[in-house]
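Notes follow once the structure below has been shown.
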Amino acid sequence: MLEASPGRNFSHSTFVFRGFPELHKHRRLLALPFSASYLTALLGNGLLVYVIHGVESLHSPMYLLICTLCVVDILVVTAIVPNMLLGLLFDWDQISLAGCLTQMFFTHFLSSLESTLLLAMALDRYVAICQPLRYAELVDTSMLAKLLLFTLVRSGSIMATLVGLAGSLRFCGSSTIRHCYCDHMALVSLACDSTEKNSAAGLAVIVCFVGVDIPLIFFSYVKILSVVLRAAAAGEDRWKAFHTCGTHLIVMMCFYLVGSVTFLSHNLNIAIPTDANTFMGLMYILFPATVNPIIYGVRTKDIRNGFFRIFKLRVEKVMRVKVSPAGKGQTGL
């Protein structure tokens, strides 16, 4: 690892992560909750993908979007958590500039995909509830293909620009990244060049995703809630509708709020302790991946029924396999 800068033409090619400097002595203990969160995210999202894939009645646009969201959650936590755990447990905390930029791209790219999927799910529910007669016309395979293309182009072009600008900088000062993964501004803050373009690109990301997606999601859920509350005759049905929409909005707002704070803290020179900023950056990734299977899986009746159906079929198959040899033996007697 290179620690000093011999000149302005020098640029670090290797960096070191220091995400929790105040808790560095207890870093191995930190690995326990993050390992548990990672395994929970893998298990929950993996099980949800398995159920949706295995139950034909769940092959509708809404559940395919949920399935895609689960795959994105698995990928985004895998992009950062295993490497972070190696650093906490074995002090394998170095990363090359190329590796850092690669991790940065996939982390922010996948997070932006999640934002677009949350928007698509909100709009899907809006059409299904507020314009049910036009649902089959508006939401079909062609629409999903167009949405996928739009998502990949929007997220890919913006994040490639963000990473390209970061990769063009020279890093001639400190080589210590005060984070557990290669966050955009955590790396850019180490540059000895002007970072005005990078800050502007970071703000553009906030405007493009938070500034566009949040209002549309909020509008969709407000319209959904108003329609459902008018249609619900019983007080229990009204409370259930309000609770469901409210829970979805709270989880989404936490995702966007924490992400915005971590993005803007460097741009607006907001003084946030390194430990707190690192924790928020990790929660921005881990929290949605951990709770989405509960919000969109456990709390969804069709998915619960699909899980029990698959579980019942597997149990019956195992029982038949165990009983068959005994049956053949008795026949021979």
Side-chain angles (χ1 to χ4, degrees), residues 33-55 58-85 102-125 144 147-148 151-152 154-156 158-159 180-184 205 209-210 213-214 217 247-260 262-263 278-300 302-304 306-307:
F34 290 128
S35 296
S37 297
Y38 179 54
L39 292 176
T40 301
L42 291 182
L43 179 62
N45 287 283
L47 182 60
L48 206 53
V49 170
Y50 177 73
V51 171
I52 294 174
H53 178 267
V55 179
L58 297 178
H59 294 176
S60 63
M62 179 60 184
Y63 295 116
L64 291 178
L65 288 173
I66 293 176
C67 184
T68 306
L69 180 68
C70 291
V71 172
V72 170
D73 281 336
I74 291 173
L75 293 175
V76 72
V77 295
T78 302
I80 65 169
V81 176
N83 188 64
M84 180 191 73
L85 292 177
T102 301
Q103 186 186 58
M104 180 193 301
F105 174 80
F106 282 107
T107 301
H108 295 316
F109 173 72
L110 291 168
S111 296
S112 65
L113 287 186
E114 179 154 356
S115 175
T116 307
L117 287 170
L118 292 175
L119 172 60
M121 290 162 62
L123 294 176
D124 176 88
R125 290 300 85 197
L144 291 179
L147 172 65
L148 176 62
T151 300
L152 294 177
R154 183 175 79 149
S155 298
I158 292 175
M159 296 310 164
C180 282
Y181 62 90
C182 200
D183 178 71
H184 172 250
V205 169
F209 291 98
V210 178
D213 292 1
I214 281 186
I217 290 173
T247 303
H248 288 192
L249 281 175
I250 289 172
V251 172
M252 290 181 189
M253 291 308 106
C254 288
F255 169 74
Y256 285 110
L257 178 61
V258 174
S260 299
T262 56
F263 257 80
T278 303
F279 180 75
M280 287 192 297
L282 289 171
M283 287 302 99
Y284 166 66
I285 301 296
L286 281 172
F287 179 71
T290 304
V291 302
N292 281 342
I294 299 174
I295 299 300
Y296 300 110
V298 176
R299 291 166 54 87
T300 304
D302 290 341
I303 291 180
R304 286 202 310 270
F307 170 77

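Of all non-hydrogen atoms in A120 and L147, the two that sit nearest each other are CB-CD2, 3.4 Å. Scanning all heavy atoms of the two residues, the minimum distance from G297 to R304 falls at O-CG, 4.1 Å. Between L117 and V72, the closest heavy-atom pair is CD1-CG2, 3.9 Å. P61 approaches D124 most closely through the heavy-atom pair CB-OD1, 4.0 Å. Considering all non-hydrogen atoms of both residues, G156 and F109 come closest at N-CE1, 3.5 Å. Nearest heavy atom pair, residue V77 against residue Y38, reads CG2-CE1, 3.7 Å.
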- request: Could you please spell out the steps behind the side-chain contact (heavy atoms from CB on, under 4.5 Å) verdict for M121 and I217?
  value: CA-CA 9 Å; M121 290 162 62; I217 290 173; over 6 Å; no
task: Show your reasoning for whether side-chain contact (heavy atoms from CB on, under 4.5 Å) applies to V55 and Y63.
output: CA-CA 11 Å; V55 179; Y63 295 116; over 6 Å; no
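The closest side-chain heavy-atom distance from N292 to I66 is not below 4.5 Å. L69 places a side-chain heavy atom less than 4.5 Å from the side chain of D73. Under the 4.5 Å side-chain criterion, counting only non-hydrogen atoms from C-beta, T107 is not in contact with C182. Two residues are said to be in side-chain contact when any heavy atoms from C-beta on lie closer than 4.5 Å; S155 and F209 meet this criterion. Within the 4.5 Å cutoff, the side chain of L110 has heavy atoms near those of the L113 side chain.
Every ring pair (Phe, Tyr, Trp, His ring centres under 6.0 Å) that Y181 has, sequence neighbours left out, goes to H179.
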Could you pull out all donor-acceptor pairs under 3.5 Å where a side-chain atom in residues 43-50 meets a protein atom, sequence neighbours excluded?
residue: N45; atom: ND2; partner: A41; partner atom: O; Å: 2.7
residue: N45; atom: ND2; partner: A289; partner atom: O; Å: 2.7
residue: Y50; atom: OH; partner: R314; partner atom: NE; Å: 3.2
residue: Y50; atom: OH; partner: R314; partner atom: NH2; Å: 2.8

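With Q103 contributing its side chain and A79 its backbone, the two residues share a donor-acceptor pair below 3.5 Å. A donor-acceptor distance shorter than 3.5 angstrom exists from the side chain of T116 to the backbone of S112, with no hydrogens or angles considered.
Atom OG of residue S60 and atom CG of residue D302 lie 8.0 Å apart, to the nearest 0.5 angstrom. The distance from the OG atom of S115 to the CG atom of D213 is 3.5 Å, given to the nearest 0.5 Å.
Annotation for F34: atom CZ counts as buried by contact number, over 12 foreign heavy atoms lying within 6.0 Å. Heavy atoms from other residues, nucleotides or ligands lying under 6.0 Å from NE2 of H59 number more than 12.
Using bins of under 30°, 30° to 60° and over 60° for the plane-to-plane angle, the ring pair H184/H108 lands in the perpendicular bin.
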